[in-house]
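What you see is a predicted model, and the numbers here were worked out from it, not measured in a lab.
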There are 2 protein chains.
Amino acid sequence: MANETHALNERAQLLLKTLVERYIADGQPVGSRALSKYSGLDLSPASIRNVMADLEDMGFIASPHTSAGRVPTPRGYRFFVDTLLTVKPLDRVEINQLEGQLQVENTQKLVASASHVLSEITRFAGVVVTPRRSAGFRHIEFLRLSEKRLLLILVTAEGDVQNRIIQTEKAYTPSELVEASNMLNQNFAGCTFEEIRRRLQSELKQLREDMSQLMAAALAAGDQAVSESAEDVVISGEVNLLGINDLSSNMTKLRELFNLFEHRTTLLQLLDVSSRAQGVQIFIGGEAGLTPLDECSVVTAPYEVDGKIVGTVGVIGPTRMAYERVIPIVDITAKLLSSALTQR
Amino acid sequence: MANETHALNERAQLLLKTLVERYIADGQPVGSRALSKYSGLDLSPASIRNVMADLEDMGFIASPHTSAGRVPTPRGYRFFVDTLLTVKPLDRVEINQLEGQLQVENTQKLVASASHVLSEITRFAGVVVTPRRSAGFRHIEFLRLSEKRLLLILVTAEGDVQNRIIQTEKAYTPSELVEASNMLNQNFAGCTFEEIRRRLQSELKQLREDMSQLMAAALAAGDQAVSESAEDVVISGEVNLLGINDLSSNMTKLRELFNLFEHRTTLLQLLDVSSRAQGVQIFIGGEAGLTPLDECSVVTAPYEVDGKIVGTVGVIGPTRMAYERVIPIVDITAKLLSSALTQR
DNA sequence: CTCAGCACTCTCTGCATCAGAGCGCCAATG
DNA sequence: CATTGGCGCTCTGATGCAGAGAGTGCTGAG
């Protein structure tokens, strides 16, 4: 008996597995009778109770109260997903369905549709961390809107388009604007704004003053545009979580959860962790130390461009979720996103 | 008595007013005793009960059950906001606060921040219908991303930037792309894509074939980009509604409501109505025929560019909301948005 | 090691009760 | 004749209680 505090024998593992599976299916605490029926082990409830007591001692399961069955603890879930779970890969049909719903017109749409399709197909909340961009630019363009208002259009190295309106002190002529953008495009395409700043520093004095002002404005705006759009997280299908009984019974918890969704930064930190490792990662319950996520699990996978990890996709749902289904979905979505982005 | 079925005498109006006010403040059905205390009318509860019975007959108030006080019906709210309500304008400080939170860098940000600030300040959900755009364009640009992939950048007449990636059959050289965009910019700036299509029809054959293909692609993409971005509604602060007791007690209703938020089209129809009239409009309870909004009111105001209505801002909250506060907030936000957009 | 049996505990449901709130009606009043 | 105090009625919400159901832990026998 004593050595069982460290390792689980095969029978205990099987029982834990069926217990978790049944609990995920039913949402009801599962008792010894049910377990004896569904484990396939041909043991009486009484014997199973012994094993369950051990599992409880080891912290894998717990009972809400004396006369209810047992439910998995976070630790129980952890063991389940790490060593007991068998995921079945998606069939071709589902992959095609996923792929068909991704909108590849531009990066924003791609990211938004990825998040949306994740939520649609899992019926939980889908999240995508927008791809990290390099600070470099590919193309820049000034456009005169009115007397002293310019529209700055910036195409990043990855082919994303950003734009912002700049107030200028002096009124530039269209040809001055063309001149400025030509100079930037021809000399500095591919550089980061930091580099441009350095290299311009020396030349800046030689330029006509109005032109140098324009450059400075462009640099400032470019810097800001790049840093601002640094990283963000797109969430969709939060509504789905309202329908989950495990969560919606606890109104206060539910509100905390939705507040978390609004304060993106906190969520971002959690998701960023996932982009350090490869492949699917699973955060269970409050493991991450985030109380609002107590009853939730987060399944994430990083996606990449040209072999470099640039962001994360994932699903947020109740801890009691069908992991064997969600895991491959997240996995494939990350891969689809990677390949869609790499094509650029 | 009989003539009172049509008009409310002054006393009944005052009582209805204080009843609605107290109910909005407390959320509790208000009884005759409370009304006699707060109306300032120095009438006994018994007398007030008579008036209340009349008000109930006329459908302005109703009682949830025999021994509770009365609550306003939608019709009661309607009468209240239409003829009893006295709104107090915002002070300068609050207006400045509102104005300070609008981000004017570009249209998307402006709209998003308007929606956000509405939700922040009212603690309900803020909605903004994105401005209708004319189909015309100001500037177009082709950018080569790779062998057969082009980035099309489109600046609309209003100064918004759209972009999309186009797959081409043939590989164009940078100079061909410049040539194409120059041609479009110089000949057709300001035209709608429909006009361009017509005017190009005749000339298209005279162009080199590759160029005409490029034009066709640009037109198609432009058309789509314009039509797609037609109208949308931006919502923020839905979370706030979770905290409202009137709504969150009814889980199913709450879910219907959030579903409505996801299916933007339905919501859009409702909000579009508001852009037909000038000034603040108020939709109460299920008046609009939308069951999910049964317990909600929508306060909207249209905003304009150069004197033409192009969209709607609004707040969605419980029917039991402090209208005298929300109305001026929505009003001012619409005006601020109008002026921010008109400056372009 | 397995298992049947038994006592125990805890939840959930229905039922009855009781106080509180508020109304409608009526008769008295100035 | 509008106003008002009073009385009976009704409905809700809280409280207490008993019984059924579910599941456990333990014990002693095979």
Side-chain angles (χ1 to χ4, degrees), chain A residues 1-4 8-16 18-20 22-23 26-73 76 245 249-250, chain B residues 1-4 8-16 18-20 22-23 26-73 76 245 249-250:
Chain A
M1 272 284 176
N3 62 338
E4 289 196 339
L8 288 174
N9 59 30
E10 203 167 326
R11 180 201 293 181
Q13 291 198 10
L14 178 60
L15 286 176
L16 178 56
T18 52
L19 185 145
V20 176
R22 281 220 62 77
Y23 181 66
D26 283 10
Q28 300 292 331
V30 358
S32 52
R33 186 165 13 242
L35 217 45
S36 107
K37 220 185 306 181
Y38 294 100
S39 72
L41 266 187
D42 200 34
L43 281 177
S44 80
S47 316
I48 290 189
R49 284 205 278 278
N50 290 324
V51 185
M52 287 171 85
D54 292 348
L55 285 172
E56 181 157 19
D57 286 345
M58 290 185 260
F60 291 116
I61 57 181
S63 60
H65 57 84
T66 332
S67 87
R70 308 298 218 293
V71 301
T73 59
N245 239 319
S249 51
N250 227 2
Chain B
M1 274 286 176
N3 63 337
E4 288 198 339
L8 288 173
N9 59 30
E10 203 167 325
R11 178 203 295 181
Q13 292 200 10
L14 178 61
L15 285 177
L16 178 57
T18 52
L19 186 144
V20 176
R22 282 220 62 77
Y23 181 67
D26 282 11
Q28 299 293 330
V30 356
S32 52
R33 192 173 0 250
L35 259 192
S36 105
K37 220 186 308 183
Y38 293 99
S39 70
L41 267 187
D42 199 34
L43 281 177
S44 79
S47 317
I48 290 190
R49 283 204 280 277
N50 290 325
V51 185
M52 287 172 84
D54 293 347
L55 285 173
E56 180 156 20
D57 287 343
M58 291 185 260
F60 290 114
I61 57 182
S63 60
H65 57 85
T66 332
S67 88
R70 306 298 219 296
V71 301
T73 59
N245 240 317
S249 52
N250 227 3

Show the atom names and distances, to 0.1 Å, of all donor-acceptor pairs under 3.5 Å that link a side chain in residues 41-49 of chain A to residues at least two apart or in another chain.
| from | atom 1 | to | atom 2 | distance (Å) |
| --- | --- | --- | --- | --- |
| A:Ser44 | OG | A:Ala46 | N | 3.4 |
| A:Ser44 | OG | A:Ser47 | N | 3.4 |
| A:Ser44 | OG | A:Ser47 | OG | 3.2 |
| A:Arg49 | NH1 | A:Ser32 | OG | 3.2 |

Most 5' of B:His65 and B:Ala46 on DNA chain D, judged by nearest nucleotide = B:Ala46

key: Rounded distance in Å - CG (B:Asp57) to P (C:dC25)   = 10 Å

key: Sequence neighbours excluded - salt bridge (charged side-chain N to carboxylate O under 4.0 Å, His left out) pairs with any residue from residues 56-65 of chain A   = A:Glu56-A:Arg70

message = So B:Val51 and B:Leu16, do their side chains get closer than 4.5 Å, heavy atoms only?
response = no

inquiry  = Could you go through A:Ile61 and A:Met52, starting from their C-alpha distance and side-chain angles, then the distance that decides it, and tell me whether this counts as side-chain contact (heavy atoms from CB on, under 4.5 Å)?
reply    = CA-CA 8 Å; A:Ile61 57 181; A:Met52 287 171 85; 4.3 Å; yes

Using the 3.5 Å cut-off, write out each protein N or O paired with an N or O of nucleotides 21-23 of chain C and the distance between them.
| from | atom 1 | to | atom 2 | distance (Å) |
| --- | --- | --- | --- | --- |
| C:dA21 | N3 | B:Ser67 | OG | 3.3 |
| C:dG22 | O4' | B:Ser67 | O | 3.2 |
| C:dG22 | O3' | B:Ala68 | O | 3.4 |
| C:dC23 | OP1 | B:Ser32 | N | 3.4 |
| C:dC23 | OP1 | B:Arg70 | NH1 | 3.4 |
| C:dC23 | OP2 | B:Ser32 | N | 3.1 |
| C:dC23 | OP2 | B:Ser32 | OG | 2.7 |

task = Check every nucleotide of DNA chain D for an atom under 4.0 Å from a heavy-atom of chain B, then give the first and the last such nucleotide from 5' to 3'.
result = D:dT3 to D:dT12

task = Give a yes/no on whether any side-chain N or O of A:Ser44 is located under 4.0 angstrom from OP1 or OP2 of C:dC3.
result = yes

message = Considering only residues two or more places apart or on different chains, which pairs with a residue in residues 27-53 of chain A satisfy ring-ring contact (aromatic ring centres under 6.0 Å, His included)?
response = none

note = So the salt bridge (charged side-chain N to carboxylate O under 4.0 Å, His left out) pairs with at least one residue in residues 26-35 of chain B (sequence neighbours excluded) are B:Arg22-B:Asp26

key: Pairs flagged by ring-ring contact (aromatic ring centres under 6.0 Å, His included) wherever residues 39-66 of chain A is involved - sequence neighbours left out   = A:Phe60-A:Phe79

message = Once side chain to side chain contact (heavy atoms under 4.5 Å, CB included) is applied, do any residues pair with B:Asn50, and if so which ones, sequence neighbours excluded?
response = none

